[in-house]
Number of protein chains: 2
Amino acid sequence: MVATSELERAINDRLADHDLRYTSGRRAIVEGLKRAEGPITLPELLECSPDLAQSSAYRNLSLLEGAGVVRRLVHGGEHAHFELAESLTEHHHHLICESCGQVRDITLDAGLERTLDRSFDELAANEGFTPTHHTVDVYGVCGDCTG
Amino acid sequence: MVATSELERAINDRLADHDLRYTSGRRAIVEGLKRAEGPITLPELLECSPDLAQSSAYRNLSLLEGAGVVRRLVHGGEHAHFELAESLTEHHHHLICESCGQVRDITLDAGLERTLDRSFDELAANEGFTPTHHTVDVYGVCGDCTG
DNA sequence: CGACGAATGAGAACCACTCTCCATCGGTGC
DNA sequence: GCACCGATGGAGAGTGGTTCTCATTCGTCG
Ligand SMILES: [Mn+2]
Ligand SMILES: [Mn+2]
Ligand SMILES: [Zn+2]
Ligand SMILES: [Zn+2]
C-alpha cells in the first residue's frame, strides 16, 4: 500500500467500484494530498493546484471520500481538512494546533493501538455499540505558534 | 466536583471570573446539559427547554464555553454537541454513532489514560508541539441503529 | 463522426451558527 | 422610589464553508 503505482491502481479500483472515472481533476486532488505534509484544507489544496475550480474540488473530495480514497477531518476550525484514506496509507492520529489550526500526523506504538482497540471493543460491547474505527486527537500549540 | 451545590458554586465562580452573570437562561442551559444523558445538540437542548431563544442559547453556550463551563464537540454531523466541561465532571471520551449521530460518554481505564498521556508527551516533544489535552472518539453503530 | 452519460465550473442556494440592534433587566447610588 | 448604566435577551439579518443547480464540455463506445 506504499508504492506509487500500486497506490494509483488501488485508487483506480475504488473509483471504478463506485462508477467514477479517475479524471485529471481527481488526479490533481490526489497528487495535492500526496504532496502535502499532512491533512490540508480546501484553500490550501487550491493554492497548490490553482487551476482547480472550488466547486469541483469540493464535489470531487466528497466523491473520493465516498469511494474510500479520501478522509475528511472535521474539527472546530473554519475549514475541514482532507488526507488520503488510511487504507491507502496507514493508521495514524493527529496533533492539532489550537492557535493556527494546523494538523500533523502522528503514529502510536502498535502495542498501544492494540490495547486501545481491545479497550474499545470491551466498552462498546457493554453499550450495545459496534465500533468500526477510532480517532485520537492531541490538541495543543505547535512549534511555529510557540515561537 | 460532583455535589450539585458544589458544581453550582464552581460555575458561578467561573462566570464571575469572566464578568458574566449566572442568569436564569444560562442556568436553564446548564440544567439541560446536566439532565441530558450525554452531549446534546442545540435543537435537543431547545426541545428540553422550549422557552430558550435559539440565538440566546447559541450565544450563551459560546460564553459558557469561553468561561470553561461548557465543552463543544465538533464532529462530522450537522450539529455540534455540547456538554459540561471536563473540569466540572471528569475526563472521558465518546462513542459516536455514524448512523444517527448520537454521542455517548465512555471512560477509559486510568492506567491507559496515563499511558496515552506519556505517549503524547513524547510524540509531541519530537515535533516541538506542546499538548494541552486529547480526545478519543470511537465511531461505529449504536444499539438503537443496529436494531 | 454521432450519441449519450459523466464530469466540469460558475454561481446560486443552503444552513449551522454568529452578529446586530434595540428593548429589558438588575444592580448601584442617591 | 428613581435615574443611571452596563449586562442580557430576543428577533431577525448576516456570514461563510460547503453543497447544489444547470448549462456546457468531455470521454467513450459504437
Ligand atoms: Mn492524518
Ligand atoms: Mn462527553
Ligand atoms: Zn500552530
Ligand atoms: Zn445510532
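Lettering of chains follows the sequences in order, A, B, ..., and the numbering in each one begins at 1. Bear in mind the structure is a predicted one, so any value in this text is a computation, not a measurement.
For B:V69 against B:R14, the heavy-atom pair with the smallest separation is CG2-CB, 4.0 Å.
Distances shown here put a side-chain N or O of B:R72 below 4.0 Å from the OP1 or OP2 atom of C:dT18. Under 4.0 angstrom from either OP1 or OP2 of C:dC17 there lies at least one side-chain N or O belonging to B:H79.
Side-chain atoms of B:H134 and B:E113 include a donor-acceptor pair closer than 3.5 Å.
One interatomic measurement links the two molecules: OH of A:Y22 to P of D:dT28, which rounds to 15 Å at whole-angstrom precision. Following rounding to the nearest Å, B:E78 (CD) and D:dG17 (C1') show an atom-to-atom distance of 15 Å. Taking atom CG on A:L20 and atom P on C:dG5, their separation rounds to 17 Å, with Å as the unit. Atom pair B:L45:CG and C:dA16:C1' shows a separation of 15 Å (rounding to whole Å applied). Straight-line distance from the CG atom of A:L46 to the C1' atom of C:dA10: 14 Å, rounded to whole Å. Residue A:D19 contributes atom CG, which lies 16 Å from atom C1' of C:dC4 at whole-angstrom precision. In this entry the distance linking CZ of B:R26 with P of D:dA7 reads 11 Å, nearest Å. Distance A:H18 NE2 to C:dA6 C1': 16 Å, rounded to the nearest Å.
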Pair up each side-chain donor or acceptor in residues 58-65 of chain B with any protein partner under 3.5 Å, not counting sequence neighbours, and list the distances.
residue: B:N60; atom: OD1; partner: B:R26; partner atom: NE; Å: 2.8
residue: B:N60; atom: OD1; partner: B:R26; partner atom: NH2; Å: 3.3
residue: B:N60; atom: ND2; partner: B:S56; partner atom: O; Å: 3.3
residue: B:S62; atom: OG; partner: B:Y58; partner atom: O; Å: 3.3
residue: B:S62; atom: OG; partner: B:R72; partner atom: NH2; Å: 3.0
residue: B:E65; atom: OE1; partner: B:R72; partner atom: NE; Å: 3.1
residue: B:E65; atom: OE1; partner: B:R72; partner atom: NH2; Å: 3.0

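Salt-bridge formation is not detected for the pair B:R104/B:E37: no Lys NZ or Arg NE/NH1/NH2 atom is positioned less than 4.0 Å from an Asp or Glu carboxylate oxygen.
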Nucleotide N/O to protein N/O under 3.5 Å, stretch nucleotides 25-27 of chain C:
none

Full working for side-chain contact (heavy atoms from CB on, under 4.5 Å) between B:L123 and B:F129: CA-CA 8 Å; B:L123 283 165; B:F129 191 94; over 6 Å; no
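Here the side chain of A:A80 is nearest to one of C:dG9, D:dT18, C:dA7, namely D:dT18.
At least one cation-pi condition fails for B:R71 and B:F82: the charged atom is not both under 6.0 angstrom from the six-membered ring centre and inside a 45 degree cone around its axis.
A heavy-atom distance below 4.5 Å is found between the side chains of B:L33 and B:V70. The shortest side-chain heavy-atom distance between A:H94 and A:I106 does not fall under the 4.5 Å cut-off.
The distance from the CD atom of A:E98 to the OG1 atom of B:T130 is 11.0 Å, given to the nearest 0.5 Å.
Proximity of residues 54-64 of chain B to DNA chain C (heavy atom under 4.0 angstrom from any strand atom) is restricted to B:S55, B:Y58, B:S62.
Among the protein residues, B:L42 comes within range of no part of the nucleic acid, since none of its heavy atoms lies under 4.0 Å from any strand.
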